[in-house]
Each structure stands twice: as C-alpha cells, then as structure tokens.
Amino acid sequence: MSAAPSPPVPAESESPWAPLAARAFRALWIAQLVSNIGSWMQTVGAQWLLVGDSAALVTLVQTASSLPVVLLALPSGVVADRFDRRSVLLAAQFTMLAVSGALAVLAFTDALTPEELLVLTFLLGCGTALMGPAWQAIQPELVERRLLGQAAALGAVNMNLARAVGPALGGAVVAAAGAGWVFAFNAASYLGIAAVLMMWRRPGTASPAAESEPLLAALSAGRRYVWNAPGVRRVLLRTLLFIPGGAALWALLPLSASRSLGLGSGGYGLLLAAVGTGAVAGAFALPRIHRVLGANGTLVAGALGFAGVLAVLGTVRTPWLVTVALLPAGLAWIGVLSTLNAAVQTRLPGWVRARGLAVYLLVFQGGQALAAPLWGAVADWLGLTACLLVAGAVMLLSAASVRRWPLHDAEGIDPSPSDHWPTPPLVFEAGEADGPVLISVIYRLPPDSRAEFTDRMHHVARSRRRTGALAWGLYQDGNDPERFIENYLVASWAEHRAQHHTRLTATDRHYEEQARELLLPGTLPEVTHAFDTASGPTVPDQGTRTPESGDARSGSWTSG
C-alpha cells in the first residue's frame, strides 16, 4: 500500500459507482458478477435437490459452503500475505472449476447422492476460503484508498445483483433441464475471472509482503495484530452479533418457499431475486443513508429492517406480500455488510491485511456455518414460524447492542507504512533467527507529566504488540523519578527488523510522537537491544570497544 499523507475520508460526495472508473476493478467486477450468478444458480440447484428432506439437511448446504472458511481462513490469509496474490486467486479459480465440473458430470449421469453433493459443496467452499483473503487484500491495488468504502459497497452490490438474477435463472433452468446445467454454467463462470487476472497489470508497488515467516509464526502475528487493534476487534464483534440472525433468512428461505408458500424452484428463485433487487436498489441510497445515519446508525437500521423481514416471512402466507417484504432485506444486508467491510479494510496495514481480512471472513462465514444447522434444528423442533420469529428477536438484540458496542471512529487512523526507525548500530552481525531480543527505551520526563505520559503510552503499547512484541512493560526508576524505562520483547531479530521496515504505520508514528512531546526539553529516547544469552549471537572480539550499555550482547543509540 502506498503511503498517504493523511487518513482517508469517506468519499461521500462521489458517485457510489466511482470505483468502476478504474479499468482493472471494472473488469474484475464484471467477471465476478458472472461467477456470482453461477454460484447462486448452483446454490438453488443444490438446495432444491434436498428440499424434500429434513430442514437440517437443507441447511447443511449453507454449512458445507461456509465451514471451509472457518477451517481455512487464517491459513489462507497467511498464504495471501506471503505469496503472489494473483497466483493464489488463479489457483482458487481452477480448483473451483474442477469441483463444479465434477458436480455437473455426476448430476448429468444421475449419480449425485446427497452425501456427494455436500462433500463437493464443501470442496467448493475450500476454493472460496483460499480466494477470500487474497481477493479482499487486492482491493487497495485496484482503487484509491479513499474509495474503499464504495468498492466494498460495490462488492456487495455485485453479490446481490447476482442474487437478483442467478436464483431466478437457476430455478428456471432446474425446472426446465435439471440441476446438471446450473453446475456446468457455474464451472464455466470461473474462466472469466481467471482470464481477467492473467491480463491484469498490477501496480509496481503491489508486491506482497516479503516476510518469510514460518506458517505458525505468521498465524501468530496475524492473531496478535487483531487482538491488539481495538477498532478491528469491534468490527468483528459487530459482525458476530449480526450474522447469526441474518443466516436464518438464507438457511430457511427454501423451506419457507416450499412449505409455507407452496412454491416450486422457480418461485424460490424469485424470492431470492427480490432480496438481490432490494440490495441493488439500495446501493443508490447507501451513500445518503451513511450521511444521515452514520456507520452505527446504518447498523441499527439494518438489523431492525432484517428483524421485520424475518417476522413477515414467519407469519405471512401470501407469496407476493413476502416477495415485496424481501426487498428491504437486500437493502439491510448490503448496508450492514458494506459498512463492516469498509471499516475493517480501512484499518488494516498492507503487511497483515490478508490475515486481518481472513479473521473477518472467519467470523462472517463461520457465523453462518454454525448458525445455519442450528436454525434448521430449531425449525424441526419448534416449527418454521416460531424459528423465524426467534431469529427476528435475535436481530432486535443485535440492533439494541449497537448503543453498548458501537464501531470506533476511524478518523485519524492511517495504516500506510512508515519506516521511521533508524537502523540500530550493533557491534556484531545479528542473524535473522537470533533472539529473543529485549528492546529497552529510556525516557526522561518532568515529574508532573507522569500520568499523561503513562496514558499516551497505552497506545504505544498496543502498537508494539501489534507489530511483534510478545511482552511489554513501562517502569519508573526508583532512584531517578524522571527516568522511565519501556521494555518489550520480540521473538527474533527478524521480527524486530520487520518492525523497523515493514510493520509500522503512520498511526504508530503519531502515537510515538504524542508520547515524546512530554519529554524533558533537549532530551531524546535512548534505545538498547539485548539478545538472549542462550540463543543470541556470539560477539567477536572488539578490543576496547563496547556498547553504551556495557553488555557485549546489546546495542544502544539515541533516537531522534
């Protein structure tokens, strides 16, 4: 990600379609639309093949497609951060092409059993899990950062436009020719994305992060970043509170269509199309909604709207009334998800972006995967009407919780990289694996600045932990009250070098500068690096030269 002089501001005054002016984004958006239409056609075919079975079995289609994200999202995020993201996306497309082709062959030969359908749907979900973090992470390469909110909304529009076309088309094809043809179309649809990716000329600065961490270390780094980023954690919480209730609509709609409304596959496709149409229409209103309600107001309105739709779906038995009621469900869905997606995109720096987005996708898809069979079991136990009303009540609780746990304000957050730390002048050549490394920073403060300094250092502490610190502490010298010592431990010299050159952001620098404003006039922080004596490097004979700390295994400098 290229550096930005100031934090992004929502481009509310620009058209919601502004990202489509970027040629690469436009081409991928169109190719993705065709692929999403194929995916929705396949969803209709798969669910309708099982609609005569129990509610729990029907909802397992959604679980089979979402569960791989729960299992593979984090490893996929590591892969997308460590390897060329275009190559990762191409591998995912060809994997899903092969699986969809196998589904089509089995359907055409009447050899497709429910078990095989669920297994192959699970494998398709594995391809989606591999693709998800890489796809999200390339968005800042396709559009300007200030347009990421519109790009996220257009991604939701894409999915919902496909939902408006794909289910109706899929239902008609299943009714006229059988499920094999929808599986075949879906297989062919992946070729379009692959072709666009192969022709895409990426920006010269778009190379993936060069850190060659082992898999477990990379997973740990991603987990550590998210845990120490309060804004990202709050987005995940809001996602977790919205998705379970929302999953009830997608999991139970085929049962409502067949059992409550007496519709066939074509009618079910039209119900899904109504949701998609509402979302596409909502894309035009979304910028205005954000201006009027703000991000948190949009979350409340979306959850309330969804609760109302679930209540109608559970109690109304007139198909056209249900179809009309499903239109605002699309608007609510796109409003909430585009808000959450844009919030997480704008908070993540490039070096960990795919892993952070993988955690978001894990919560999003994992919530659906776990909630769908639960709603199916509740529907078998209490009945479809009671189940949908319970889901509506869950949505009301989600709306009420926004007051207690709102999204944090993103103003002032700038995740662009900042290589502002000087290279430490060690008296030996440290190896990449040497460590752990203890970094000590000594500050001198006037006595009356202690409380404010300590408060500002809480932000610095999170910065250290996000970028690699395993432990952190701030101490006041008992013999010299003006002397404060910050200690933090990183696992290796490679980890600390990554802090220096790739992991720090403009926001991290801002927090450091805020703390240093309180130092005694004319003083600067003094920094030392000490290596573990059991696993650190062997220092060559330096004669009379020693570091300032007097320890042959440490280096010291004064930081400006």
Side-chain angles (χ1 to χ4, degrees), residues 1-36 77 80-81 84-86 88-89 131-162 192-193 195-209 232 235 279-280 282-284 286-288 290-291 295 334-335 337-354 356-358 360-361 410-411 413-417 505-506:
M1 182 189 295
S2 60
S6 61
V9 293
E12 301 287 3
S13 61
E14 296 191 53
S15 165
W17 310 101
L20 292 175
R23 181 177 180 182
F25 181 89
R26 182 173 65 251
L28 278 172
W29 191 89
I30 293 171
Q32 186 191 27
L33 175 62
V34 175
S35 182
N36 283 337
D81 275 334
D84 179 70
R85 289 167 182 161
R86 172 164 47 188
V88 173
L89 290 171
M131 174 183 174
W135 185 272
Q136 296 281 350
I138 67 167
Q139 299 306 304
E141 300 177 28
L142 301 172
V143 300
E144 298 177 38
R145 185 168 174 263
R146 65 190 177 84
L147 295 177
L148 283 175
Q150 283 98 321
L154 282 174
V157 167
N158 192 301
M159 177 61 74
N160 285 283
L161 184 59
I193 293 180
V196 174
L197 285 170
M198 287 188 286
M199 293 186 293
W200 175 32
R201 294 183 178 180
R202 299 180 71 187
T205 58
S207 57
V232 175
V235 174
V280 174
F284 292 96
L286 202 54
R288 184 178 184 85
H290 275 299
R291 282 197 300 270
I334 191 176
L337 293 191
S338 64
T339 298
L340 295 173
N341 189 283
V344 73
Q345 283 270 13
T346 54
R347 285 169 167 82
L348 291 169
W351 72 271
V352 76
R353 187 185 304 127
L357 288 165
Y360 168 72
L361 292 173
E411 186 176 354
I413 300 297
D414 184 359
S416 55
T505 67

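Position 1 is the first residue of the sequence, and the numbers go up from there. Side chains included, hydrogens not; waters and symmetry mates left out as well; all remaining heavy atoms used.
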Query raised in the report: Are any side-chain N or O atoms of Trp29 and backbone N or O atoms of Leu154, one a donor and one an acceptor, separated by less than 3.5 Å?
Result: yes
Report task. Answer whether the closest heavy-atom distance between the side chains of Trp200 and Leu142 falls below 4.5 Å. Result -> yes
Report summary line: Of all heavy-atom pairs linking Pro133 and Ala358, the shortest is CG-CB, 3.8 Å
Query raised in the report: Looking at CH2 of Trp351 and CG of Asp81, how far apart are the two atoms once the value is rounded to the nearest 0.5 Å?
Result: 8.5 Å
**Report entry** side chain to side chain contact (heavy atoms under 4.5 Å, CB included) between His290 and Thr339, worked out
**Finding:** CA-CA 9 Å; His290 275 299; Thr339 298; 2.8 Å; yes
Report task. Would you indicate whether the side-chain heavy atoms of Val232 and Tyr360 approach each other to under 4.5 Å? Result -> no
Query - Nearest heavy-atom neighbours spanning Arg86 and Met198 - result: NH1-O, 4.2 Å
Query - Shortest non-hydrogen separation from Gly77 to Ala354 and the atoms involved - result: O-CB, 3.5 Å
Requested in this report: Test Arg353 against Arg85 for side chain to side chain contact (heavy atoms under 4.5 Å, CB included), laying out the working first.
Outcome: CA-CA 12 Å; Arg353 187 185 304 127; Arg85 289 167 182 161; 3.7 Å; yes
Query raised in the report: Hey, what do you get for CG (Leu33) to CG (Asn36), rounding to the nearest 0.5 Å?
Result: 7.0 Å
Requested in this report: Begin with the C-alpha distance, continue with both residues' side-chain angles, and end with the deciding distance and a verdict on side chain to side chain contact (heavy atoms under 4.5 Å, CB included) for Ile193 and Leu89.
Outcome: CA-CA 9 Å; Ile193 293 180; Leu89 290 171; over 6 Å; no
Requested in this report: Ignoring hydrogens and angles, tell me if any N or O in the side chain of Arg347 forms a donor-acceptor pair with the backbone of Val235 under 3.5 Å.
Outcome: no
Report task. Rounded to the nearest 0.5 Å, what's the gap from OG1 on Thr346 to CD1 on Ile413? Could you check? Result -> 9.0 Å
Requested in this report: Carefully, step by step, assess Thr505 and Asp414 under the rule side chain to side chain contact (heavy atoms under 4.5 Å, CB included).
Outcome: CA-CA 7 Å; Thr505 67; Asp414 184 359; over 6 Å; no
